[in-house]
Amino acid sequence: MKGRRSSSDSSSSSKTKKPQYSKFTQQELSACKPILTPGYVIGIFIIVGVVFIPVGIISLFASENVVEIVDRYDEGCIPPNYSDDMLAYIQNSDTNKTCTRSLKATKLMKSPVYIYYQLDNFYQNHRRYVKSRNDKQLWSKKHEDETKNCAPEATSNGLSIVPCGLIAWSLFNDSYGFSIKNKMVKVSKKNIAWESDKKHKFGSDVYPKNFQNGVLIGGGKLNSSIPLSKQEALIVWMRTAALPTFRKLYGRIESDIQANDSVTVIIENNYNTYSFGGKKKLVLSTTTWIGGKNDFLGIAYITVGGLCLFLAISFILVYVVMPRPLGDPAFLSWNRHPAGHQI
């Protein structure tokens with residue numbers, strides 16, 4: 001009996017859930033517990049202000065060096081006899097959709113000059129719109145018949161649509177031709193999409209199939225002899241925008257545009273934004289090290305830096321005019337009981 005008791009006692013002690021003692025399990029690891037005295041707080045605010053304000057000024061200066069031309073053409077390209085019914089104009093296949101616009105460069109635009117189309121009031125972030133695609137189908141030929149989530153643009157005439165879904169179906173299809181002093185300007189449409197998208201999202205063995213063959217045509221058509229991985233206009237369009245006003249890259253002009261040059265643009269005004277009150281704009285822009293024109297970043301840096309300097313000066317005045325004696329840090333609980341145990 002004694003032997004049995006001793007064995008049971010030893011087994012119960014071996015199965016105990018009590019962890020071995022360590023500073024980690026007992027929460028006794030050393031930790032940094034800074035005391036924010038007025039000197040530290042004022043110093044931090046001054047450092048942030050001194051760093052942020054110059055960064056903001058440099059960012060604003062870089063943004064101001066960006067030369068940008070923005071031209072809204074959705075209304076200007078409507079013939080006078082259709083001014084009261086623009087939707088009828090865009091839906092009529094017999095109307096002439098060609099439009100000529102003249103843009104003037106106010107400053108020297110060094111190459112490359114980026115061409116964007118901008119759409120307003122177009123909600124690419126709508127849940128049903130964003131889900132209306134099939135990534136497996138876009139990536140591999142063996143999945144070309146998978147059209148899950150693509151309705152109502154999943155099949156046409158009983159055959160699967162490649163690429164399926166509303167995003168591809170509504171592909172932007174306005175086109176632009178440029179000339180300066182009656183000389184055509186070449187537009188490069190290569191390398192306008194993300195490399196990661198071309199390599200990992202759109203397959204080199206997937207070709208458009210049965211696309212835009214239905215009764216209702218949504219937007220642009222695709223060349224069925226070119227794989228999706230090389231259809232860069234489609235790839236750019238299918239990276240959906242987060243906001244209802246967005247720009248997407250159309251191409252690049254690889255030559256300089258001199259100051260005061262008049263750029264003639266021949267526009268094929270095909271895309272229907274009139275049915276939902278949208279706007280279309282053509283944008284020509286240069287870039288700097290900060291990217292395109294973006295005043296918000298510089299303004300944000302200057303605002304935060306200025307606020308920090310204002311708070312620092314305010315705290316200095318308060319500390320000088322109405323000083324308060326600081327408590328002795330030795331009386332703090334973690335200094336009286338370094339191991340974290342209460343006595």
In terms of hydrophobic clustering (I, L, V, M, F, W, Y; side-chain heavy atoms under 4.5 Å; direct or indirect links), are [X] and [Y] co-clustered?
X	Y	result
Val185	Val283	no
Phe315	Met322	no
Phe211	Ile217	no
Leu284	Leu249	no
Ile290	Ile58	yes

Open item on the list: Run the side chain to side chain contact (heavy atoms under 4.5 Å, CB included) test on Val162 and Gln137 for me, step by step, so that the C-alpha distance in whole Å, both residues' side-chain angles and the decisive distance to 0.1 Å come before the verdict.
Closed with: CA-CA 7 Å; Val162 182; Gln137 185 201 58; 3.6 Å; yes
What heavy-atom pair brings [X] and [Y] nearest, and what distance separates the two atoms?
X	Y	result
Ile46	Ala312	CG1-CB, 3.6 Å
Lys281	Tyr73	C-CE2, 3.8 Å
Ser224	Pro208	CB-O, 3.7 Å
Leu171	Leu234	CD1-CA, 4.0 Å
Leu36	Val41	CB-CG2, 3.9 Å
Cys99	Gly76	SG-O, 4.5 Å

Basic-acidic side-chain contact under 4.0 Å: [X], [Y]:
X	Y	value
Arg247	Glu68	yes
Arg239	Asp197	yes
Glu232	Lys189	no
Asp135	Lys201	no

Heavy atoms, side chains only, cut-off 4.5 Å: are [X] and [Y] in contact?
X	Y	answer
Val66	Thr287	no
Ile267	Ser175	no
Leu307	Val304	no
Asn121	Thr273	no
Asn272	Leu87	yes
Asn210	Asn213	yes
Leu282	Ile115	yes
Phe178	Lys186	no

To the nearest 0.5 Å, tell me how far [X] [atom1] sits from [Y] [atom2].
X	Y	atom1	atom2	result
Leu138	Ile167	CG	CD1	9.0 Å
Glu195	Ile235	CD	CD1	9.5 Å
Ser83	Glu75	OG	CD	10.0 Å
Met109	Ile253	CE	CD1	7.5 Å
Ser132	Glu153	OG	CD	8.0 Å
Asn173	Asn270	CG	CG	5.0 Å

TODO: Evaluate the criterion side-chain hydrogen bond (donor to acceptor under 3.5 Å, both in side chains) for residue pair Thr98 and Glu268; output intermediate values, then yes/no.
DONE: CA-CA 5 Å; Thr98 303; Glu268 285 293 329; 2.7 Å; yes
Ignoring hydrogens and angles, tell me if any N or O in the side chain of [X] forms a donor-acceptor pair with the backbone of [Y] under 3.5 Å.
X	Y	value
Asp85	Tyr82	no
Gln212	Gly218	yes
Arg133	Met238	yes
Tyr123	Leu243	no
Gln231	Asn223	yes
Asn294	Phe296	yes

Task: Face-on cation placement of Lys209 at Tyr207 ring, 6.0 Å and 45° thresholds - done: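 Geometry flag: not set, cation outside 6.0 Å or 45°.
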- [ ] State whether Tyr89 and Lys97 meet the cation-pi test: NZ (Lys) or CZ (Arg) under 6.0 Å from the six-membered ring centroid, and within 45° of the perpendicular axis.
- [x]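 Ring-cation test returns yes.
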[X] and [Y]: side-chain donor and acceptor closer than 3.5 Å?
X	Y	answer
Ser111	Asp256	yes
Glu144	Ser160	no
Ser63	Asp295	yes

Open item on the list: Tell me if the aromatic rings of Tyr250 and Tyr116 count as close, with their centers under 6.0 Å from one another.
Closed with: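 Ring centroids of Tyr250 and Tyr116 are no less than 6.0 Å from each other.
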Open item on the list: If you take the centroid of each ring, where Trp contributes its six-membered ring, are Phe61 and Trp289 closer together than 6.0 Å?
Closed with: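 No; Phe61 has its ring centre 6.0 Å or more from that of Trp289.
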TODO: Scan Asn269, Asp71, Asp120, Asp74 and name whichever one has a side chain to side chain donor-acceptor pair (under 3.5 Å) with Lys280.
DONE: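 Result for side chain to side chain donor-acceptor pair (under 3.5 Å) with Lys280: Asn269.
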TODO: Report the C-alpha distance between Phe122 and Phe276 in whole Å, list the side-chain angles of each, state the deciding distance to 0.1 Å, and finish with yes or no for ring-ring contact (aromatic ring centres under 6.0 Å, His included).
DONE: CA-CA 8 Å; Phe122 192 114; Phe276 57 87; 5.7 Å; yes
- [ ] Report the residue from Phe172, Phe246, Tyr176 that forms a ring-ring contact (aromatic ring centres under 6.0 Å, His included) with Tyr117.
- [x]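 Of all the options given, the one that passes is Phe172.
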TODO: Show the numbers, then the answer: is there a side chain to side chain contact (heavy atoms under 4.5 Å, CB included) between Glu64 and Lys293?
DONE: CA-CA 7 Å; Glu64 287 298 318; Lys293 195 170 186 64; 4.2 Å; yes
- [ ] I would like to know whether Val67 and Leu108 meet side chain to side chain contact (heavy atoms under 4.5 Å, CB included); could you show each step before the answer?
- [x] CA-CA 8 Å; Val67 183; Leu108 170 65; over 6 Å; no
